[in-house]
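Let me begin by presenting the structure, written as structure tokens, before commenting on it.
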Protein chains: 2
Amino acid sequence: MEPAGRTSKGEQTRERILDAALDLFRTQGYADTTMRQIAQAAGVAVGNAYYYFASKDQLILAFYERNHADHLAVLGSALDGTKEFGERLRTLVRTKVDSAMPYRRLSTKLFTSAADPESPLSPFSPESAPLRGEAIALMAEVVDGSSLRVGKDLRDDLPELLWLYEMGVILYWVHDSSEGCANTYALIDKTVPIVERLVGIAKLPVIRPMVRELVGMLDELRMPTTGELPVGARATGEYGLDDAPKR
Amino acid sequence: MEPAGRTSKGEQTRERILDAALDLFRTQGYADTTMRQIAQAAGVAVGNAYYYFASKDQLILAFYERNHADHLAVLGSALDGTKEFGERLRTLVRTKVDSAMPYRRLSTKLFTSAADPESPLSPFSPESAPLRGEAIALMAEVVDGSSLRVGKDLRDDLPELLWLYEMGVILYWVHDSSEGCANTYALIDKTVPIVERLVGIAKLPVIRPMVRELVGMLDELRMPTTGELPVGARATGEYGLDDAPKR
DNA sequence: GTCTATAACCGGATAGAC
DNA sequence: GTCTATCCGGTTATAGAC
């Protein structure tokens, strides 16, 4: 749509606001940063900030997206280094933590809403679906590019399960107060082999029924029985962290 | 301290405010209920509501406490019925869900903050410690009163691990949109046997090192390496859901 | 120590003019 | 797209009454 440069005026403004916001969040924390501050730092009016971001929360979703892009860049072709499943998984998760490190406190906000089924910020929300899909696809790459042979019960769901594992690591990281988050890296190194072993034994006759059941319950969560999911709605951020939209 | 009746005037007022708040939360949701509404419904001035509850959030903590008391009452001597571990665990978790059922939406607020290490509302916060302790003690009762024999690696930490399992179930429940939350009850019935089996195999030579490692990492989270934990501070609710206190 | 009433502050969000 | 003015609600402050 743009004639020459690929960043329209609007995109530039949007970036400016996001930059200002992330900078303030990082130095002052999320709660102590006001939309007025953000607008001022970006050199725009408050109303204009809201023109680009429906709410303060939406800035976090934008951060999430940018962070994912960063991760992709850092990860780059690092995965090409090995075909060993454990090593690949370890690389992905470690680089994920690396790239999010400057924003550890801000990242808690994401998990703060993860538990809220109605928050658009939740990694499980429809609004986050595209991003979640990309993250899971990345996990699929970890599996597919490896020499690992997966049992058929697990094949379809393994990437998503691994993504849940990744979420668990990040949850730990967010709480991790050790120097340089050393505990988190230790956790990764300790648990990756366990995950590997679990995937290995999942096909054993004693374990298989359990795996089937667990995977089945996952499916139920994905497809709510009372489901509505307004097809058109996406990432418009009509409501914040709390209850239903109303005002 | 009171002469005759065991509820002083202040306690009555406090209850009145809490009743009004929970009622409004249940019918309108948390976000759409204002402190002004609560005060009016309770027949007090806004300032008075804040005299008893330092913040809107603190009302949720109070709800949490009341709900635990309800659970205790409902559970009553139900545990005396059997010495079978799985049955006891199942009873505890099912009754927990039962007693919280009318406040499912409100309960999400708790989990919304569970992931935030700094929220006083988090089940893991120092402010919630007394309540958490009671819940874990209840779990210990489930174990101790049963015929289950626990391996020594696990003995000390099992109640806490089971409490984490209970938290997991509640997290599922909060997201569960099935009719009457039938899926949650199904989840309990399916997973309790798995938990039972896991406890059983924890002492096997192949598994034991894994158990040790996992329990060790739990300990690390409990005792943050950079720990401060101001000893005096408790349940005063100086800050809300967000970052550090400041104002 | 318990409580009322009222005004004010602050920050997220919105309306509507340009 | 961008601005200014305004609303709304959590929270605080004040000043005084039982």
Side-chain angles (χ1 to χ4, degrees), chain A residues 1-2 7-18 20-21 24-25 28-61 109 113 119-121 236-247, chain B residues 1-3 5 7-18 20-21 24-25 28-61 109 113 119-121 236-247:
Chain A
M1 279 297 173
E2 286 85 43
T7 51
S8 71
K9 174 105 173 292
E11 280 173 57
Q12 285 178 338
T13 308
R14 196 191 132 97
E15 287 302 299
R16 203 146 30 88
I17 295 168
L18 183 54
L24 287 164
F25 289 163
Q28 307 182 350
Y30 180 80
D32 290 341
T33 301
T34 73
M35 287 299 282
R36 287 159 172 92
Q37 280 181 311
I38 294 171
Q40 189 178 11
V44 299
V46 198
N48 200 11
Y50 276 98
Y51 177 82
Y52 288 101
F53 300 93
S55 70
K56 198 179 169 189
D57 288 343
Q58 290 296 313
L59 284 164
I60 295 183
L61 193 54
K109 271 309 262 187
S113 27
S119 167
L121 245 59
T236 33
E238 274 135 301
Y239 48 96
L241 276 178
D242 282 322
D243 290 0
K246 192 203 155 189
R247 290 181 191 153
Chain B
M1 277 297 172
E2 286 84 43
T7 52
S8 71
K9 177 100 173 293
E11 280 173 57
Q12 285 178 338
T13 308
R14 197 190 130 97
E15 287 302 299
R16 203 145 30 89
I17 296 169
L18 183 54
L24 286 164
F25 290 163
Q28 307 182 350
Y30 179 80
D32 290 340
T33 302
T34 73
M35 287 299 282
R36 289 160 173 93
Q37 280 180 311
I38 294 171
Q40 189 178 11
V44 299
V46 196
N48 200 12
Y50 276 97
Y51 177 82
Y52 286 101
F53 300 94
S55 71
K56 200 179 168 187
D57 287 342
Q58 290 296 313
L59 284 163
I60 295 185
L61 193 55
K109 270 308 260 188
S113 27
S119 166
L121 244 59
T236 33
E238 274 135 302
Y239 48 96
L241 277 178
D242 283 321
D243 291 1
K246 192 201 155 190
R247 288 182 192 152

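Lettering follows sequence order; numbering is per chain, from 1.
- Considering only side-chain atoms of A:Y51, the nucleotide from C:dA13, D:dG1, D:dT11 that sits closest is D:dG1.
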Return all side-chain donor-acceptor pairs below 3.5 angstrom for residues 33-46 of chain A, not counting sequence neighbours, or 'none' if the list is empty.
{"from": "A:T33", "atom 1": "OG1", "to": "A:L24", "atom 2": "O", "distance (Å)": "3.4"}
{"from": "A:T33", "atom 1": "OG1", "to": "A:Q28", "atom 2": "OE1", "distance (Å)": "3.3"}
{"from": "A:T33", "atom 1": "OG1", "to": "A:G29", "atom 2": "O", "distance (Å)": "2.8"}
{"from": "A:T34", "atom 1": "OG1", "to": "A:R36", "atom 2": "N", "distance (Å)": "3.4"}
{"from": "A:T34", "atom 1": "OG1", "to": "A:Q37", "atom 2": "N", "distance (Å)": "2.9"}
{"from": "A:Q37", "atom 1": "OE1", "to": "A:T34", "atom 2": "N", "distance (Å)": "3.0"}

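- Of the candidates D:dG10, D:dG1, C:dT14, the closest approach to any side-chain atom of A:N48 belongs to D:dG1.
- Here D:dT4 presents its C1' atom at 15 Å from OH of A:Y50, a figure rounded to the nearest Å.
- Listed nucleotides D:dC3, C:dT4, C:dG12 differ in distance to A:A45; the shortest reach to its side chain belongs to D:dC3.
- Among the heavy atoms of the strands lying under 4.0 Å from B:V46 is at least one base atom, whether or not backbone atoms are also near.
- With values rounded to the nearest 0.5 angstrom, B:Y51 atom OH is found 12.0 Å from B:R14 atom CZ.
- One can place CG of B:L59 at 11 Å from P of D:dG10, the figure rounded to the nearest angstrom.
- Remark: P of D:dC3 and CE of A:M35 are 13 Å apart, rounded to the nearest angstrom.
- Between the CZ atom in B:R16 and the CG atom in B:L18 there is a gap of 12.0 Å [rounded to 0.5 Å].
- Note: CZ (A:F25) to C1' (C:dG12) measures 12 Å, nearest angstrom.
- Comparing A:V44 and A:R36 against DNA chain D, the residue whose closest nucleotide sits nearer the 5' end is A:V44.
- Note: NZ (B:K9) to C1' (C:dT4) measures 11 Å, nearest angstrom.
- B:R14 contributes no side-chain N or O that forms a donor-acceptor pair with the base of C:dT2 under 3.5 Å.
- Looking only at side-chain heavy atoms (C-beta outward), B:D57 and B:L61 stay at 4.5 Å or farther from each other.
- For the pair B:D57 CG and D:dG9 P, the computed distance is 17 Å after rounding to whole Å.
- The side chain of A:T34 sits closest to C:dG11 out of D:dG9, D:dC3, C:dG11.
- Of the side-chain N and O atoms in B:S55, none sit less than 4.0 angstrom from OP1 or OP2 of D:dG10.
- Regarding A:K56, its NZ atom lies at a distance of 8 Å from the C1' atom of C:dG11, rounded to whole Å.
- Both tests hold for A:K56 against A:Y30: distance to the six-membered ring centre under 6.0 Å, angle to the ring axis within 45°.
- Rounding to whole angstrom units, CG of residue A:L121 and P of C:dG12 are separated by 15 Å.
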